[in-house]
Amino acid sequence: MPAAIRGAALSRAARNREIETPSGPARAVITGPGRADLAVLGHGAGGGIDAPDLVAVTERLVDLGWTVARVEQPYRVKGRRAPEAAPRLDAAWSAVVTALRAGHSGRLLVAGRSSGARVAVRTAAELAADLIVALAFPLHPPGKPEKTRMEELAQLPAPMLIVQGERDPFGAAAEFPPGPQLTSVPGDHSLRQAPDQVAAAVADWLAGIGR
């Protein structure tokens, strides 16, 4: 099923929740049973929560019994495309995850694509996340490997999976440090070429971890 059709189906099945943050209201689009294990997914800097990889991962996690919240940062809710500074992104994300987790007793998985992956990684320890998933983690700007963000991956508080496109100019699989599990899939930074493979990689990783 094409990602656009799946995204529309998820939207019909979802419920929206507005959550106040230090940067204004964020929006959580929640799909799933509303209890037990909770996965919170963040979008990229210039994109939204309907990115094909986020939609595919949401669908697969819901099938596995997770409640999934795809979070729109406050700047997106306000209609802006340019993201705020990292500390403000992190503070808004933390406020949303804390509010969402109040209704759940199971595991917390924090995840995101691109910029949202960095936010999830930076805040995972503070939020006591049980699992971390990074889709298209931007290890460095394209063509500038010397400007690495490797320090963000140095002290991970929980098991982590990175799913990276084979042609991602923001960092190839071979550039990443040891530690997180890393899966390569066909495509570039958008991961739109193989969203089902992205979702399968997440599901397989979770199956390997177990409870």
Side-chain angles (χ1 to χ4, degrees), residues 3 39-58 60-61 70-71 73 81-90 93-94 97 108-127 129-209:
V40 187
L41 280 56
H43 54 74
I49 61 171
D50 290 328
D53 53 343
L54 294 180
V55 170
V57 170
T58 297
R60 183 62 64 91
L61 288 174
R70 290 174 291 153
V71 175
Q73 282 272 359
R81 290 192 62 83
E84 297 186 292
R88 293 182 66 83
L89 292 175
D90 292 358
W93 170 262
S94 295
V97 176
L108 171 65
L109 184 156
V110 293
R113 66 159 286 104
S114 194
S115 170
R118 295 184 67 197
V119 173
V121 170
R122 289 194 301 257
T123 59
E126 169 197 344
L127 295 169
D130 299 293
L131 301 162
I132 309 167
V133 172
L135 309 177
F137 187 92
L139 190 62
H140 56 71
K144 299 180 179 179
E146 71 280 2
K147 294 188 176 181
T148 181
R149 289 119 179 196
M150 199 171 295
E151 72 280 356
E152 295 180 5
L153 303 174
Q155 294 184 333
L156 297 171
M160 179 178 180
L161 171 69
I162 299 172
V163 183
Q164 207 75 357
E166 293 172 346
R167 304 190 309 276
D168 193 334
F170 288 83
E175 299 179 64
F176 281 81
Q181 181 170 324
L182 196 145
T183 298
S184 292
V185 298
D188 54 25
H189 190 67
S190 72
L191 296 179
R192 66 175 59 251
Q193 295 85 359
D196 289 335
Q197 290 187 42
V198 175
V202 174
D204 290 347
W205 179 68
L206 289 172
I209 290 175

*What heavy-atom pair brings L161 and V202 nearest, and what distance separates the two atoms?*
CD2-CA, 3.8 Å

*If you look only at pairs with a residue in residues 154-177, which of them pass as a salt bridge (charged side-chain N to carboxylate O under 4.0 Å, His left out), with sequence neighbours excluded?*
none

*asked:* Which heavy atom of I49 sits nearest to which heavy atom of V71, and what is that distance?
replied: CG2-O, 3.5 Å

*asked:* Show the nearest heavy-atom pair for residues T58 and L54, with the distance to one decimal.
replied: OG1-O, 2.7 Å

*Measure the spacing between CE of M160 and CG of L131 and express it to the nearest 0.5 Å.*
11.5 Å

*Is there side-chain contact between R149 and P141, with at least one heavy-atom pair below 4.5 Å?*
yes

*What's the spacing between L61 CG and L41 CG if we round to 0.5 Å?*
7.0 Å

*Minimum heavy-atom separation for A120 to V110, with atom names?*
O-CG2, 3.9 Å

*asked:* Show me the pairs that pass ring-ring contact (aromatic ring centres under 6.0 Å, His included) and involve residues 155-207, at least two apart or across chains.
replied: F170-H189

*Shortest non-hydrogen separation from R122 to A86 and the atoms involved*: NH2-CB, 3.5 Å

*Taking only residues two or more places apart in sequence, or in another chain, which ones meet R60 in a salt bridge (Lys or Arg N to Asp or Glu O under 4.0 Å)?*
none

*Please walk me through it: do R70 and H43 pass side chain to side chain contact (heavy atoms under 4.5 Å, CB included)?*
CA-CA 8 Å; R70 290 174 291 153; H43 54 74; over 6 Å; no

*Does atom CZ of R192 have more than 12 heavy-atom neighbours, drawn from other residues, nucleotides or ligands, at distances under 6.0 Å?*
no

*May I ask you to decide if G46's main-chain N or O and R81's side chain share a donor-acceptor pair within less than 3.5 Å?*
yes

